[in-house]
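Remarks on the structure that follows.
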Amino acid sequence: MTKIAFRPMRLEDLPLMHEWLGRPHIASWWDGLPTLDEVIADYRPVISEDGPHKCYFAVADGEPIGFIQSYVPALAHAEGWWLDEHDTGVRGIDQFLCDSESLGKGLGTAMVSAFIDYLFEDPAVTRIQTDPSPENARAIRCYEKAGFHATGVIETLDGRALLMYCDRPSRRVIR
């Protein structure tokens with residue numbers, strides 16, 4: 001399979017990000033289609049500074065194949081997120097593949113696996129979490145194949161989610 005790399009998202013990527021968010025296979029799992037101004041307002045602060053929330057484009061063969069972000073859940077308390085998480089070594093991730101034709105072919109698992117490896121290069125990262133919709137069987141299977149295990153359904157600010165973890169010492173890959 002093609003090697004997947006991650007490059008930081010740039011301001012000039014925001015129109016493409018907006019277009020991607022409008023694609024049906026993405027919009028159905030995210031909060032609907034924001035305007036371009038809303039995308040700029042949401043992402044400009046996190047791509048313009050070197051903070052704990054990082055946004056990337058996943059790239060294969062020189063072309064963007066998707067979006068992926070990491071954040072520190074323990075630092076999201078002020079926004080009402082992850083109030084029970086206090087370990088600043090935990091990273092949360094969210095992502096999507098940009099083309100619906102790529103779904104179901106292992107590319108999402110490859111992207112998530114490569115990003116897990118990338119995040120665990122930092123010895124301070126203790127665990128990685130994600131929270132797909134419990135109805136998103138395709139995403140759940142992708143995460144399981146990349147080494148995540150489910151801990152249960154939780155309520156988030158965005159609604160019900162399946163909380164899943166990938167721990168550094170117990171990571172395994174299911175093929």
Is [Y] close to [X] at the side-chain level, that is, under 4.5 Å between some pair of heavy atoms?
{"X": "Leu162", "Y": "Asp131", "result": "no"}
{"X": "Gln129", "Y": "Met164", "result": "no"}
{"X": "Ile65", "Y": "Phe57", "result": "no"}
{"X": "Gln95", "Y": "Ile93", "result": "yes"}
{"X": "Asp167", "Y": "Ile128", "result": "no"}
{"X": "Glu85", "Y": "Asp87", "result": "yes"}
{"X": "Val90", "Y": "Val72", "result": "no"}
{"X": "Lys54", "Y": "Met9", "result": "no"}

Going through the checks in order, is the side-chain contact (heavy atoms from CB on, under 4.5 Å) test met by Phe148 and Ile140?
-> CA-CA 9 Å; Phe148 283 83; Ile140 292 166; over 6 Å; no
Once rounded to the nearest 0.5 Å, what's the spacing between atom [atom1] of [X] and atom [atom2] of [Y]?
{"X": "Cys166", "Y": "Arg127", "atom1": "SG", "atom2": "CZ", "result": "9.5 Å"}
{"X": "Asp158", "Y": "Ser133", "atom1": "CG", "atom2": "OG", "result": "10.5 Å"}
{"X": "Leu97", "Y": "Ile68", "atom1": "CG", "atom2": "CD1", "result": "9.0 Å"}
{"X": "Leu14", "Y": "Glu38", "atom1": "CG", "atom2": "CD", "result": "13.0 Å"}
{"X": "Gln69", "Y": "Cys55", "atom1": "CD", "atom2": "SG", "result": "5.0 Å"}
{"X": "Arg138", "Y": "His25", "atom1": "CZ", "atom2": "NE2", "result": "9.5 Å"}

Are Val125 and Leu75 connected in the hydrophobic side-chain network, where two residues link if heavy atoms are under 4.5 Å apart?
-> no
Please give me the minimum heavy-atom distance between [X] and [Y], naming the atom from each residue.
{"X": "Ala161", "Y": "Pro134", "answer": "CA-CD, 3.8 Å"}
{"X": "Thr109", "Y": "Ala146", "answer": "CG2-N, 4.2 Å"}
{"X": "Val112", "Y": "Cys142", "answer": "CG2-SG, 4.0 Å"}
{"X": "Met111", "Y": "Phe6", "answer": "O-CZ, 3.6 Å"}

Presence of salt bridge, Asp13 and Arg7, under 4.0 angstrom | yes
Indicate whether any N or O donor in one side chain lies under 3.5 Å from an N or O acceptor in the other, for Glu144 and His149.
-> no
Please work out whether the ring planes of Trp20 and Phe96 are parallel, tilted or perpendicular, with thresholds of 30° and 60°.
-> perpendicular
Checking the side chain of [X] only, and the main-chain atoms of [Y] only, is there a donor and an acceptor separated by less than 3.5 Å?
{"X": "His18", "Y": "Pro34", "answer": "yes"}
{"X": "Thr151", "Y": "Leu163", "answer": "yes"}
{"X": "Asp61", "Y": "Glu63", "answer": "no"}
{"X": "Arg168", "Y": "Phe120", "answer": "yes"}

Option from Tyr143, Tyr56, Phe67 for which ring-ring contact (aromatic ring centres under 6.0 Å, His included) with Phe115 holds = Tyr56
Determine, stepwise, if the pair Thr35 / Val39 fulfils side-chain contact (heavy atoms from CB on, under 4.5 Å).
-> CA-CA 6 Å; Thr35 66; Val39 170; over 6 Å; no
Those residues at least two apart in sequence (or on a different chain) that pass salt bridge (Lys or Arg N to Asp or Glu O under 4.0 Å) with Glu19 are Arg23
